[in-house]
Amino acid sequence: MVLELQSVWLRGRGRARPRIHDASIQLEAGRVYGLIGPNGAGKSSLLAVLAGLVRPDRGTVRDVPWQRGEPIGAVFGDVDMHRGRTVRETLLLRSRLVGRTPDEAESMAVRVGLGAVLRRRVAALSLGMRMRLSIGVALLGSPMLVLLDEPMNGLDPDGIAWMRGVVSDLRQAGATVVVSSHLLGELETMIDDAIIVSRGEIVCVESIADTAARGCDIEVDEPARLLAAMSDRGVPATMRGRVVHVEGTAPDTVRVAVSIGLDVTRVGVSGRVLESLYGEVASAEFESEGAR
Ligand SMILES: Nc1ncnc2c1ncn2[C@@H]1O[C@H](COP(=O)(O)OP(=O)(O)OP(=O)(O)O)[C@@H](O)[C@H]1O
């Protein structure tokens, strides 16, 4: 299934430039897209259109789950959860809303790492725990479109590694995932394609696998097993301590590690693809501002 935006425009306030400017894109099932661009570029506005929160002034939105009455999952900025409710009540409420059982709410608490704090109130959770809870709320109902606006805010390195696993599981389940983030190094290790946004326009869509300089360093709990798995797949790899250097892309390598049940604690990309793409966009914006 492919969902699609075709020539979408969204007006800005008053005489401000459009929030979205003639954006067209197709998003495939089982792929993870990273939305990157400077502040105010239009990333959240694109997510709002995909979520059906705002109706474009022009253009069409096609084949999005909510158009078929199916749930989507979304984490949008600040968490919209009642501070007086407990973790369990928050998940239970969402599970009722999407027709799921209390058991599923409890197993979601475990899946997002909050199984030990079921009775804690939202007000007493750390920022990272609140983010985990809002991800849990977003994933109840097994949505096939998941929109994550800055989901790594407040997560510690363990939390970010966990997030990578969550995204990888969603990809494997065939969901379409769109993640916006300014943490380019982290984002690069979890996405398949980068959507670069600047001044309301989708400037380009780049496949990370196509463009990444090959090679990444990955730290896992059992490096020897990853080395063997890579060798089985004919991908050259070497090991130093817990770190395995793999002559392949980070998303592919993480996928292999997760599929054989390893814990990934760190991934380093030698290519720095997103940083250089972002740098090009930012300097083009700077030049066009200067030319005004
Ligand atoms: N609700 C709104 N109504 C009108 N204009 C808005 C609204 N929300 C954002 N904008 C404007 O739309 C433009 C794009 O903002 P948007 O929040 O989509 O950018 P962003 O790329 O997500 O930025 P950031 O990285 O800062 O989160 C900005 O000029 C912003 O001022």
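One is the number of the first residue; the rest follow in order along the sequence. Note that ligands are numbered from 1 as they come in the structure, with each ligand's atoms numbered from 1 the same way.
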> Heavy-atom contact check, 4.0 Å cutoff: does Gly12 meet ligand 1?
no
> His182 to ligand 1: N or O pair under 3.5 Å?
yes
> Looking only at heavy atoms, what is the nearest atom pair of Pro56 and Val61, with distance?
CG-CG2, 3.9 Å
> Take Asp263 and Arg242, measure what salt bridge (charged side-chain N to carboxylate O under 4.0 Å, His left out) needs, and give me the verdict at the end.
CA-CA 11 Å; Asp263 267 351; Arg242 285 161 57 97; over 6 Å; no
> For Ala41, take its heavy atoms, then give the atoms of ligand 1 lying under 4.0 Å from any of them.
19 (O), 20 (P), 21 (O)
> In ligand 1, which numbered atoms sit nearer than 4.0 Å to a non-hydrogen atom of Asn39?
23 (O), 24 (P), 25 (O), 26 (O)
> Answer yes if a protein heavy atom lies under 4.0 Å from atom 6 (C) of ligand 1, otherwise answer no.
yes
> Kindly check if the number of other-residue, nucleotide or ligand heavy atoms within 6.0 Å of CZ (Arg11) is above 12?
no
> List the closest protein heavy-atom neighbour of atom 18 (O) of ligand 1: residue, atom name, distance to the nearest 0.1 Å.
Ser45 OG, 2.6 Å
> Can any side-chain N or O of Ser134 pair as donor or acceptor with the backbone N or O of Arg130 at less than 3.5 Å?
yes
> Hey, does Gly37 come in under 3.5 Å of ligand 1, counting only N/O atoms on both sides?
no
> Counting N and O atoms only, with roles assigned by atom type, does the side chain of Tyr33 sit under 3.5 Å from a partner on the main chain of Thr176, one being a donor and the other an acceptor?
no
> Return the minimal non-hydrogen interatomic distance between Leu50 and Leu145, and the atom names on each side.
O-CD2, 4.1 Å
> Tell me the protein heavy atom at minimum distance from atom 23 (O) of ligand 1, and give that distance in Å.
Gly40 N, 2.8 Å
> Does an N or O from Gly42, backbone or side chain, lie closer than 3.5 Å to an N or O of ligand 1?
yes
> Could you identify the single nearest non-hydrogen protein atom to atom 17 (O) of ligand 1 and state the distance to 0.1 Å?
Ser44 CB, 3.7 Å
> Taking all non-hydrogen atoms of both residues, which atom of Arg132 and which atom of Gly159 are closest, and how far apart?
NH2-CA, 3.5 Å
> Short question: side chain of Arg121, backbone of Gly84 - any donor-acceptor pair under 3.5 Å?
yes
> Does the protein place any heavy atom closer than 4.0 Å to atom 26 (O) of ligand 1?
yes
> Sub-3.5 Å donor-acceptor pair from the side chain of Arg233 to the main-chain atoms of Ala229, do we have one?
yes
> For atom 11 (C) of ligand 1, grab the closest protein heavy atom and report residue, atom and distance to one decimal in Å.
Arg19 CG, 3.8 Å
> What part of Pro38, side chain, backbone, both or neither, has a heavy atom within less than 4.0 angstrom of ligand 1?
backbone
